[in-house]
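Quick note: numbers below take in every heavy atom, side chains included, and nothing from hydrogens, waters or symmetry partners.
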Number of protein chains: 2
Amino acid sequence: MQISSRFTIAIHMLTCMENFKDEYKITSDFLASSINVNPVIIRRILSQLRDAGIIEVKRGTGGAAVIKPLDEITFLDVYRAVECIEENTLFHFHENPNPDCPVGKNIHNILDDKLKRVQDAMERELDAITLADVMRDLEKYIGESRAGMK
Amino acid sequence: MQISSRFTIAIHMLTCMENFKDEYKITSDFLASSINVNPVIIRRILSQLRDAGIIEVKRGTGGAAVIKPLDEITFLDVYRAVECIEENTLFHFHENPNPDCPVGKNIHNILDDKLKRVQDAMERELDAITLADVMRDLEKYIGESRAGMK
DNA sequence: TTTGTTGTAATGTCAATAGTTACAATTCCT
DNA sequence: AGGAATTGTAACTATTGACATTACAACAAA
């Protein structure tokens, strides 16, 4: 099973919001056309990012904007905002191991700390990457394509 | 989205196969009763573990057994055996970013190495845990419950 | 040949993702 | 005040993957 595309869509959205903030009004339609998904998908994720305190969204008049310093928005923040996952549930554990079997009785206790180690390792890495890193790379790519056009 | 329970089931299966290898014939029905899932689920995972070279399964007469040293069976081996995931696909990327947008055009290039870092971190940790660790903990728990019975 | 078992196909149920239409609520502009 | 653009959300559908279940052919040993 994969982590849903909501995560990469959310990163894409934030990158657009930052990159185009001075040129365009950032509406769900605008974002939808860069990402190529339905505007309603975008609005749902906008709400999740807003609830996480990462962006603000203007009703009526429209427009969304990042409200946190980019180097304080980690991939983990975005992951937690859009992925409906509770703590310690990256792995789906089979529900009803047989309590009358010595293995079935103890398997949960045995595995829990090990699975947590794995999830922690992943989240540590997510926490070490920020939107500022993404913007830096974007400018590099855009700069290169400009140079190529000369 | 979560990693499917096939993974914890597979670890449970291997633990049972090792723990009961001298006492019982390890059939899919036997494993199913410890894990509390349908025997057909077990047989499918048995096939995957066999294809990965971790166990052997006897047709006709029945019985499955681990054929690798426990400390050489890592969680990553099991994960790869049962999780139908290709390399670098932990994250589901949205398919059609707009190539006419500077962000849409570059977002894949920008994110790919960062997502790979996250997946690598997770796999490194999975690679550091082996079935031998699980068996060691199991014996500890079983020992304690025996002591408690005195 | 009987028995117990594996391997696998076929089918069903359920949950989550993702797409879409529709529209009330909101806000700005004139 | 009225109109235009936009957000927030409900409702519905389609698709996919997980997991459960029944059924049975293939197989191996007693």
Side-chain angles (χ1 to χ4, degrees), chain A residues 1-10 12-13 16-17 20 24-33 35-52 55-65 67 79 81-86 89-97, chain B residues 1-10 12-13 17 20 24-33 35-52 55-65 79 81-86 89-97:
Chain A
M1 249 295 123
Q2 291 184 305
I3 289 161
S4 81
S5 64
R6 281 196 304 277
F7 177 70
T8 55
I9 290 176
H12 188 150
M13 286 166 60
C16 275
M17 288 166 63
F20 296 115
Y24 300 98
K25 180 165 72 167
I26 312 295
T27 66
S28 57
D29 269 37
F30 176 80
L31 291 170
S33 79
I35 296 167
N36 241 316
V37 296
N38 194 284
V40 175
I41 306 288
I42 299 293
R43 284 183 223 146
R44 282 204 273 254
I45 297 175
L46 279 176
S47 296
Q48 292 178 303
L49 293 173
R50 183 199 50 203
D51 293 348
I55 64 171
E56 66 176 4
V57 183
K58 285 209 185 69
R59 287 209 63 163
T61 167
I67 57 169
Y79 174 79
V82 302
E83 208 66 27
C84 332
I85 252 180
E86 291 143 50
T89 54
L90 177 59
F91 293 89
H92 182 192
F93 216 110
H94 51 289
E95 316 262 336
N96 303 305
Chain B
M1 250 295 125
Q2 292 184 307
I3 288 162
S4 82
S5 65
R6 281 196 305 276
F7 177 71
T8 57
I9 291 176
H12 188 150
M13 285 166 61
M17 287 167 63
F20 296 116
Y24 300 96
K25 180 165 73 165
I26 311 295
T27 66
S28 58
D29 269 38
F30 176 79
L31 292 170
S33 79
I35 296 166
N36 242 317
V37 295
N38 194 284
V40 175
I41 306 289
I42 300 293
R43 284 183 222 146
R44 282 203 274 258
I45 298 176
L46 280 176
S47 297
Q48 293 178 303
L49 293 173
R50 182 200 51 201
D51 293 347
I55 63 171
E56 66 177 3
V57 184
K58 285 208 185 70
R59 288 209 65 162
T61 165
Y79 175 79
V82 302
E83 208 66 28
C84 334
I85 254 182
E86 291 143 48
T89 55
L90 177 59
F91 293 89
H92 181 192
F93 218 109
H94 52 290
E95 315 262 335
N96 302 306

Heavy atoms only: give me the nearest A/Ala81-A/Gln48 pair and the separation to one decimal. O-CB, 3.6 Å
5′-ward residue of the pair B/Gly60/A/Ile41 relative to DNA chain C: B/Gly60
Taking 5' to 3' order, which nucleotide of DNA chain C is first and which is last to have an atom within less than 4.0 Å of a heavy atom in chain A? C/dT17 to C/dC28
Check nucleotides 8-16 of chain D for protein N or O atoms closer than 3.5 Å to its own N or O atoms and list the pairs.
residue: D/dG8; atom: OP1; partner: A/Arg50; partner atom: NH1; Å: 2.5
residue: D/dG8; atom: N7; partner: A/Arg43; partner atom: NH1; Å: 3.3
residue: D/dG8; atom: O6; partner: A/Arg43; partner atom: NH1; Å: 2.7
residue: D/dT9; atom: O4; partner: A/Arg43; partner atom: NH1; Å: 3.4

Given atom CD1 of B/Ile45 and atom P of D/dA18, what is their separation to the nearest angstrom? 11 Å
Between atom CD1 in B/Ile3 and atom P in D/dG17, what is the gap in whole Å? 16 Å
Heavy-atom distance under 4.5 Å between the side chains of A/Ile41 and A/Arg6, does that happen here? no
A/Arg50 versus A/Leu46: any side-chain heavy-atom pair under 4.5 Å? no
Whole-Å distance between D/dA18 P and B/Ile42 CD1? 16 Å
Beyond-backbone contact of B/Ile9 with B/Leu31, side-chain heavy atoms, under 4.5 angstrom: no
Between CD1 on residue B/Ile55 and CE on residue B/Met17, distance to nearest 0.5 Å: 4.5 Å
At less than 4.0 Å, is any side-chain N or O atom of B/Ser5 found next to OP1 or OP2 of D/dC19? Yes or no. yes
Taking all atoms of both residues into account, what is the closest heavy-atom pair of A/Ile42 and A/Met13, and its distance? O-CE, 3.7 Å
Phosphate contact (D/dC19 OP1 or OP2) by A/His94 side-chain N/O below 4.0 Å: no
How do B/Lys25 and A/Pro39 order along DNA chain C: which one's closest nucleotide is nearer the 5' end? B/Lys25
A/His94 and B/Thr8 side chains, donor-acceptor separation under 3.5 Å: yes
For B/Thr89 and A/Gln2, the nearest pair of non-hydrogen atoms, with its separation, is O-NE2, 2.6 Å
Taking every non-hydrogen atom, the tightest pair across A/Leu90 and A/Tyr79: CD1-OH, 4.1 Å
Taking atom P of D/dT7 as reference, at what distance in whole Å does atom CG of A/Asp51 sit? 16 Å
Taking only side-chain N and O atoms of A/Thr61, does any of them lie within less than 4.0 angstrom of OP1 or OP2 on D/dA5? no
